[in-house]
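These notes are about the structure you will find just below.
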Amino acid sequence: MFDLDAKTEVVEADILVIGGGTGGPMAAIKAKEKNPKLKVLLLEKANVKRSGAISMGMDGLNNAVIPGYATPEQYVKEITVANDGIVHQKAVMAYATGSYPMIQYLDRLGVKFEKDGSGEYNVRKVHHMGTYVLPMPEGHNVKKALYRKLRQLQVMISNRYMATRLLKAVDGRISGAIAVNTRTGEFLVIRAKAVVLACGAAGRLGLPASGYLFGTYENPANCGDGYAMAYHAGADLANLECYQINPLIKDYNGPACAYVTGPFGGYTANNKGNRFIECDYWSGQMMLEFFRELQGGNGPVFLKIDHLAEETISTIETILHTNERPSRGRFHEQRGTNYRSSMIEMHISEIGFCSGHSASGVWVDENARTSVPGLYAVGDMASVPHNYMLGAFVNGGIAGGDAAEYCAALDLPGYEHGDVDAEIKRVLAPTRREDGFTAYEMEYKTRRFVNDYLQPPKVTAKYLIGQRRFAEIREDLGNLFVQDPHDLMRALEMQSILDCADMAAAASLYRTESRWGLYHMRTDHPYTDDENWFCHTMLFKNEKGQMSHRKRSVDDYIVPIDAAEMGAYHHLRTASPQAAE
Amino acid sequence: MPIAHNATAVPVTVDDAKCIAEKGCRVCIDVCPLDVLAIKESTGKAFMKYNECWYCMPCEVDCPTGAVKVEIPYLLR
């Protein structure tokens, strides 16, 4: 037991942005640019300078829609096909049309993109159909450029505050959030007219094969807080069964970066050094072929670049060892992996939620609005599929602009004091015990069961057992015990992870078909059933506080797709094994 | 249930001779996305307090004196 006297401060803002990684800062920036008089508060669990998925920068744009290389219509078509048709095209189109202006904006902020001799963007092809990849060999300064702009626009920043629940007014509008300081345990009640959730993926859901809780692909701070907060606020969450599963460097769990190496001639290979997929773009079908190769006696799977020329390999090495995940050089060195003589061993990742790479997120429309009035979601946690870093920026900007307009005619909504009291009690409960189970143990156990029971192929009988195990862990929360405010943050994160585990299981059981390749491969329902399941699935907390579901029909396409084109991503396996080039 | 404390090797090390935390520097502590670094009371220097590392490297890259070194955590090395 440690002593927290639960000091609570109340502050007011027009717009509260929760999450200072990628989409969050851009939401704050665009809100202030739209209306400099607005009071915009950016809340961050870590420190905005180096937080979120791109703390060390980014090595490329995976979805740049640049005139001369691709049109917004082509991009919308590509993503519709890659995601088996279940997309809200208007939101994808809003991204696609905002893509090029955002690249130019970031360029003006000082973010560096690869250009050719005449100053044009040097776009490369990785996707199955179109050309959208823009390398950023000097992309290590993204966060610095954002930070400068935030300071210039006088966005208020509160670091080391973790939001735990959203607040609503009696009429159902969003009215702010409760946060706890991760170093002092002090509470902050933020009253706001609009709230933008930008909390990243649920990237700490499955347990990495290494057993190291923080050895995840996503920044482990992105543990699903945003998904949990949206759920408890009554928002709809879309297609959560469309998991994020990535092909990664085994054990290191970072991206092998076929997107970076592909344009240079690198590719994904089996243990014979042969290509087995035609396209390295991450889709559910690609992951299914990857999984089959791992299971089928031709594994492990590797990233192969050892056939390339020395100067090409040096260039790749420089890009991969100075951006996004620079520690991979050290990892390879310790294992004696030299790109010149060895292929890079890859493996399949544990599961998570992430729309940035897949399609599991809090439902948003083309204005980044969730189903709760005044609540927005952006980036990896919002439902715009395959959105990546540039999508987080674009949708963050859309949310910021829309929220600024929404605020204009609105008085500060009220909130229920009882909600705040109840939340403070929930947060502090683990600090009031003499001993018990630690957050580390409870998180480990939850995530191990996620691997044991939820990792695809999805088997109904296993899912039902998984749900029972999660319910038992939920009962054990009554014994959750923390020793300091840092531990308290982990304990709160663990509860978000458990919420996400429950949502993953429930969403997967609801959709009784198979879709999106490996992401939602149900052995008891092995076929895609367009007649009954060509729809979004919405998961939400009903009025009785129970996890509920409903279908939402896919809006009429604004970019029509021919039936023949729809199957493009279903034929990714090479016709016959191809020898190394 | 009573609590035990298990020792682990930590991936982030700080060279006390180079660390200038006693002069007020908090760069590595500030930039860590997982807040795993702190000041050791006995020395006034930064150290890795919690073994919860994403081996992301801002602590090392942003340190003004080159005192911080990030290794890959042993379990996944």
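Heavy-atom basis, side chains included; hydrogens, waters and symmetry copies ignored. Every chain is numbered from 1, with letters handed out A, B, ... down the list of sequences.
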Under 3.5 Å, is there a donor-acceptor pair linking the side chains of A/Thr216 and A/Glu218?
no

Top contributor to chain B contacts, counting heavy-atom pairs under 4.5 Å, from A/Asn479, A/Asp251, A/Asn159, A/Asn253:
A/Asp251

Residues of residues 3-13 of chain B under 4.5 Å from chain A (heavy atom pairs)?
B/Ile3, B/His5, B/Pro11

Roughly how far, to the nearest 0.5 Å, is OG of A/Ser496 from CG of A/Asp225?
4.0 Å

Flag yes if more than 12 heavy atoms outside A/Arg151 fall under 6.0 Å of its CZ atom; otherwise flag no.
no

Mark yes or no for whether A/Arg447, through its side chain, and A/Leu213, through its backbone, hold a donor-acceptor pair below 3.5 Å.
yes

Short side-chain donor-acceptor distance under 3.5 Å, A/Ser210 and A/Tyr252
no

Quick one: which residues of residues 58-77 of chain B reach chain A at under 4.5 angstrom, heavy atoms only?
B/Pro58, B/Glu60, B/Val61, B/Asp62, B/Lys69, B/Val70, B/Glu71, B/Ile72, B/Pro73, B/Leu75, B/Leu76, B/Arg77

Relative to chain B, which of A/Glu441, A/Met56, A/Lys143, A/Arg328 shows the most heavy atom pairs under 4.5 Å?
A/Met56

Using a cut-off of under 4.5 Å on heavy-atom pairs, state which of A/Gly52, A/Pro208, A/Ala209, A/Gly215 scores highest against chain B.
A/Gly215

Do you know which two heavy atoms are closest between A/Leu303 and A/Ala256, and how far apart they sit?
CD2-O, 3.3 Å

For B/Lys45, does the NZ atom sit with more than 12 other heavy atoms under 6.0 Å from it, leaving out its own atoms?
yes

Is the closest side-chain donor-acceptor distance between A/Glu317 and A/His332 under 3.5 Å?
no

Scored by heavy-atom pairs under 4.5 Å with chain B, the best of A/Thr182, A/Asn219, A/Asn47, A/Asp487 is A/Asn219

Would you tell me whether A/Gln244 and A/Asp380 have side-chain atoms, one donor and one acceptor, within less than 3.5 Å of each other?
no

So how far is it from A/Met162 CE to B/Asp35 CG, rounded to the nearest 0.5 Å?
12.0 Å

Distance in Å, B/Trp54 CH2 paired with A/Tyr217 OH, rounded so as to fall on 0.5 Å steps:
8.5 Å

How about A/His321 and A/Phe331: are their ring centroids closer than 6.0 Å?
no

Flag the one option from A/Lys45, A/Lys250, A/Gln334, A/Glu44 with the top tally of heavy-atom pairs under 4.5 Å to chain B.
A/Gln334

